[in-house]
Structure formats: C-alpha cells, structure tokens
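Accompanying notes for the structure given below.
This chain uses plain numbering: 1 for the first residue, then up along the sequence.
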Amino acid sequence: MTDIINQTVSLINDKFLGYILMSALIAAGVYFTFATRLVQFISPKKMINLMKTGIKSGDGKGHISSFQAFSISTASRVGTGNIAGIAIAITVGGPGAIFWMWLIAVISAASAFVESTLAQVYKVKQGKHFRGGPAYYMQTALGKRWLGCIFAVIITLTFAFVFNSVQSNTIAQSMYKSFDISPLISGIIIAALTAIIIFGGLKRIATFSAVIVPFFALSYIAITLIVMIINIEKIPEILALIFKDAFSLRNIAGGTLGATIMTGARRGLFSNEAGMGSAPNAAATANIAHPVTQGYVQAISVFVDTLIICSCTAFIVLLSNYADLNLEGIALTQAALSQTMGSFGEYFISASVLLFAFTSIIGNYYYGQANIEFLTDKKWIMPLFRILVTAMVLLGAVAQLHLVWNMADLFMTVMALMNITVLFLLRKQALDVLADYRRQKKAGVQEPVFDPANVPSVQKAYAWQKQ
C-alpha cells in the first residue's frame, strides 16, 4: 500500500504539479524582473558594499544583522542538492542544463528580492528580535490569518521535519560509505549538535550560520579554483560545451531539449528557493534601515547559491571524465574531484556533504521556529518543537524516506504556489517600497531610511512605525 501511495504522489509531482510550479516560479521571476526594472542586476561594487553594511547592521543589543540573516537563509539553500543535485542534472539533462540553471537563477532573483522586501516591511518585533515571512504578510497585509496559518503549518512540516530528516539521512549515508560509521551513531551525533545550536535560540543560530556558511562556502570555492587552475586548458572547451549543449540541434531533433531546459530550471529553482516563501523567514530577522536593503541581500544569496556554489560542482564534474564513470549524485562528484585531487577529493566531498547538510538543518529549523511563533505564543510549545525536530533528525539518519520525501515535494509545491499568488497580490506595496528607496538614493541619501508614512500603499507596517 505504501509503495502505491509513494508511486502515485511521485507521479503527481513529476507529471503535473512539478510543471505547474516551474511555470509559476518562472513567470513570477520574469514579471518581477521587468516590474522592478531589473532590480537584481546590481553592480559588483554595490553588492560588496551591501554585504559590508550587512555585517555591521546588528546593533549589539540582540538584534540580528543583515549578514546573519543572509547566512541563515544561505545555510538552508546550500545543502546536499548543491553537490548531488548538480551532478544528477548533468547526467540527466546534459551540460546544457547548467546554462538554464544560471538563467533561471538570474531571473528568479527578482522574486527573492520581492518576497524578502515584503517580509521586512511586515515583520513584527518579539523581545529583542524581529520575525516575519509569508505567514506574517498574509495576515497583516491581506488580513487573512487563516491563510497564514495554513502556510505556517505546511512550511514547518516540510522544512523543520521532513527536509531535516532527509538531510540527516544524507549525512548518515555519506559517513557510512566513506568512513564505515553506523547511521545510528551518526544520527546521535547530528541530533546532539542540532540540539546544542537550536536550544540556544535565534542568536546562536545566527552566529553559527554567519561563521560556518562563509567558511565552508569559501573552502568549496577554493578547491574548485584549484581544480580549474590544474585544468585551465579545458575551461574554454567546457564553457563552449555548456552553451552549445543548451541550444543543441541534436537535442532539438532528438526531442531532449525540453528535458535539458526542465532539468536546469528545476535544479536552479529548487536549489535557490527564490519565490517559494522559505528565505523571507530569515530575511525578516535583520535589523536594517530600509526593507529594500535586505531584498538586495537576499537576491545576492540566490547568486551565491546557484551561480557560485552550484557552478563549483558543475565545473568539478565537467572537468572530469564524468561520462566514463557511470555514476550519479554524490558518488559522481566524489569520483570527479578524486580524478584531480586523489583520495583527498572523496574525503573533501564527504566533509562538504556533512557541513552543507548540517547547516541546512539549522536553517530549515529556523523556518519552522518563525512559523511556530506565528501560530502560537505559548511558552511550552517551543521547547517541545525543538525536541521533536531533534528526534526527527535522529530518526531521519536511520529511516527509509522515499514516501516522506515525495510528500514533502507535494507540500512544498502547495506552499510555493500560495506564496507566489500573494506576491502578485502585494506587488504594488513591494514596488512602492522599492520606488521610495530609489527616490532617496537619487536625492543623495547614502543610507535610505524607511518610513511607512511616505509609502501610502503600505499599511500596518508596525515594526517601522515611529514610537
């Protein structure tokens, strides 16, 4: 019976809802790209300045900085999909899938900007911290708490429980294959580390993410650069292969171009999560002067995830003799890196899987926390929630998760479609807030400050109202 349910849900996801979700996310990205007048195409200098400002934006009183909020969302985005998913995309869709992954990331960054800006506008203050996200702007801006409650339940189940159990399972399997460590032992260790961090609250989660995410992302980039330098003569050939395969007449004639585009699009969108309603939960936590600033920072997070981290895996695989390895997923990435780096490559990928997956667990947990706080303010709920998350991490390490994973895909599709619909309903507010920011910049204001009184379409922006 379980197998029948699993196959049915998988079929619905792959043949029906998957295409609807892809179409909706791409349509939202294209619309907001033009509606915001190419907001995501900011100069590298401005990008760097935003990150510098973000690091300093915490006020030392318990408020989370823009960079820490960026790190929490990046922690969730950068997971095993950046290593295993990209390898699968190449074997299934060919090298051309990488081009479509890049293109979709650039387009969808506009959606990430809009949802994170709205999360900032409609955030609320709880003690020393801010919290917010789609559930909050569904309640405040649309006046539909029931809709926010549905969203909050779905995202909590999907990210804090299901996705975290899958990430834990991936770590445990990787440790078993590479070091012959029992999945139960791995599960106990992962669960204990998870508990230490999440029971420390938002500040500890933010501090952990702000240290680990940049460190390991830079390490992964550094290893990739070494591989590229060693194979420098192949780089032009690889770039040409990516673009040639993306528009290959052979793929058109063989009817496989659609698969190439779809594979790249799905990998890009599912990796960077732009428009899906997850990252805004982290974006809302930042203590900043204007919502648009965090919108820009979260758009940058999409680029970091897809254009940098995912591309690193792509180049590691494409610079190897991947077609002859007859492998897929993490095993392919390990074997590809080992061709250049020897046995170190296999161990490095295992370590990458461990840390990328573990940071995802922490980021995913926070999405659940923000939405549990939306649903109820009862004090005993949060400790219980943290215990349940820790238990799911342990269970995930030793369980078979095929049905749970397929159900999570179904829930995530519903969640994302809800968020995209609300983004369109609130597009005027988001665009007016952006216009306010641009007016101030044009007037020579170095760091624009948001006052909802200057944006008539924005009502009930309680966290921004002057006391």
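Here Ile420 contributes atom CD1 and Phe32 contributes atom CZ; the two are 9.5 Å apart, rounded to the nearest 0.5 Å. With values rounded to the nearest 0.5 angstrom, Ile107 atom CD1 is found 7.5 Å from Ile26 atom CD1. For the atom pair CZ of Phe303 and CD1 of Ile308, the computed distance is 10.0 Å after rounding to the nearest 0.5 Å. Between atom CD1 of residue Ile300 and atom OG of residue Ser116 there is a gap of 11.5 Å, rounded to the nearest 0.5 Å. Separating the NZ atom in Lys123 from the CG atom in Asn287 is a distance of 6.0 Å, to the nearest 0.5 Å. Rounded to the nearest 0.5 Å, atoms CE (Met341) and CD1 (Ile316) are 9.0 Å apart.
The distance between the ring centers of Phe215 and Tyr220 does not fall below 6.0 angstrom. Checked against the 6.0 Å centroid threshold, Tyr365 and Phe385 count as a close aromatic pair.
Across all non-hydrogen atoms, the minimal contact from Tyr137 to Leu426 is CD1-CD1, 3.8 Å. What you find for Met276 and Met415 is that their closest heavy atoms are O-CE, 3.3 Å. In plain terms, the two heavy atoms of Ala89 and Ala97 that are nearest each other are O-CB, 3.9 Å. Of all the heavy atoms in Gln167 and Ala357, the pair that sits closest is OE1-CB, 3.3 Å. When every heavy atom of Val302 is checked against every heavy atom of Ala112, the shortest pair comes out as CG2-CB, 3.6 Å. Across all non-hydrogen atoms, the minimal contact from Asn281 to Pro134 is ND2-CD, 3.9 Å.
With hydrogens and angles left out, the side-chain atoms of Thr158 and Tyr367 include no donor and acceptor closer than 3.5 Å. Side-chain N/O atoms of Tyr437 and Asp432 include no donor and acceptor closer than 3.5 Å. In this model, a donor atom of one side chain and an acceptor atom of the other lie less than 3.5 Å apart for Asn419 and Glu115. Inspection of the Gln294 and Thr117 side chains reveals no N or O donor paired with an N or O acceptor under 3.5 Å. Residues Trp102 and Ser311 bring a donor and an acceptor atom of their side chains to less than 3.5 Å of each other.
By the 4.5 Å heavy-atom criterion applied to side chains, Met101 and Ile86 are counted as neighbours. A heavy-atom distance below 4.5 Å is found between the side chains of Leu417 and Ile20. Contact annotation: the side chain of Gln429 never approaches that of Val121 to less than 4.5 Å [non-hydrogen atoms, C-beta and beyond]. Here the side chains of Phe161 and Val393 are not in contact, with every heavy-atom distance at 4.5 Å or above. In this structure the side chain of Met175 reaches within 4.5 angstrom of the side chain of Ser350, judged on heavy atoms. In this structure, Phe163 and Ser360 have side chains that are not in contact, with every pair of non-hydrogen atoms separated by 4.5 Å or more. In this structure, Leu307 and Val106 have side chains that are in contact, with non-hydrogen atoms separated by less than 4.5 Å. Considering only heavy atoms from C-beta on, Met392 stays 4.5 Å or farther from Asn164 through its side chain.
A donor-acceptor contact shorter than 3.5 Å links the side chain of Gln120 to the backbone of Ala283. Judged by distance alone, with hydrogens and angles left aside, the side-chain atoms of Thr376 form no donor-acceptor pair with the main-chain N or O of Ile372 at under 3.5 Å. Under a 3.5 Å cut-off, the side chain of Arg131 and the backbone N or O of Val124 do not form any donor-acceptor pair. Looking at Asn169, its side chain does come within 3.5 Å of a backbone N or O of Gly396 through a donor-acceptor pair.
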Evaluate Tyr136 against Tyr462 for ring-ring contact (aromatic ring centres under 6.0 Å, His included), listing each step before the verdict.
CA-CA 12 Å; Tyr136 294 82; Tyr462 300 124; over 10 Å; no
List the steps and the verdict of side-chain contact (heavy atoms from CB on, under 4.5 Å) for Ser182 and Tyr176.
CA-CA 6 Å; Ser182 164; Tyr176 178 71; 5.8 Å; no
Please lay out, stage by stage, how Leu384 and Leu388 fare under the test side-chain contact (heavy atoms from CB on, under 4.5 Å).
CA-CA 6 Å; Leu384 175 61; Leu388 291 174; 4.2 Å; yes
Please lay out, stage by stage, how Ser168 and Leu394 fare under the test side-chain contact (heavy atoms from CB on, under 4.5 Å).
CA-CA 7 Å; Ser168 174; Leu394 175 58; over 6 Å; no
Walk me through whether Ser457 and Val455 qualify under side-chain contact (heavy atoms from CB on, under 4.5 Å).
CA-CA 6 Å; Ser457 64; Val455 186; 3.8 Å; yes
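More than 12 heavy atoms of other residues, nucleotides or ligands sit less than 6.0 Å from atom CZ of Phe348. Around the OH atom of Tyr31, the shell of radius 6.0 Å holds more than 12 heavy atoms that belong to other residues, nucleotides or ligands.
Taking the six-membered ring where tryptophan is involved, the planes of Trp464 and Phe450 are perpendicular, since the angle between them exceeds 60° and thus also 30°.
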Per-pair distances, 0.1 Å, donor-acceptor, side chain in residues 143-156, under 3.5 Å, sequence neighbours excluded:
residue	atom	partner	partner atom	Å
Arg145	NH1	Gln139	OE1	2.7
Arg145	NH1	Phe374	O	3.4
Arg145	NH2	Phe374	O	3.1
Arg145	NH2	Leu375	O	3.3
Thr156	OG1	Ala152	O	2.7

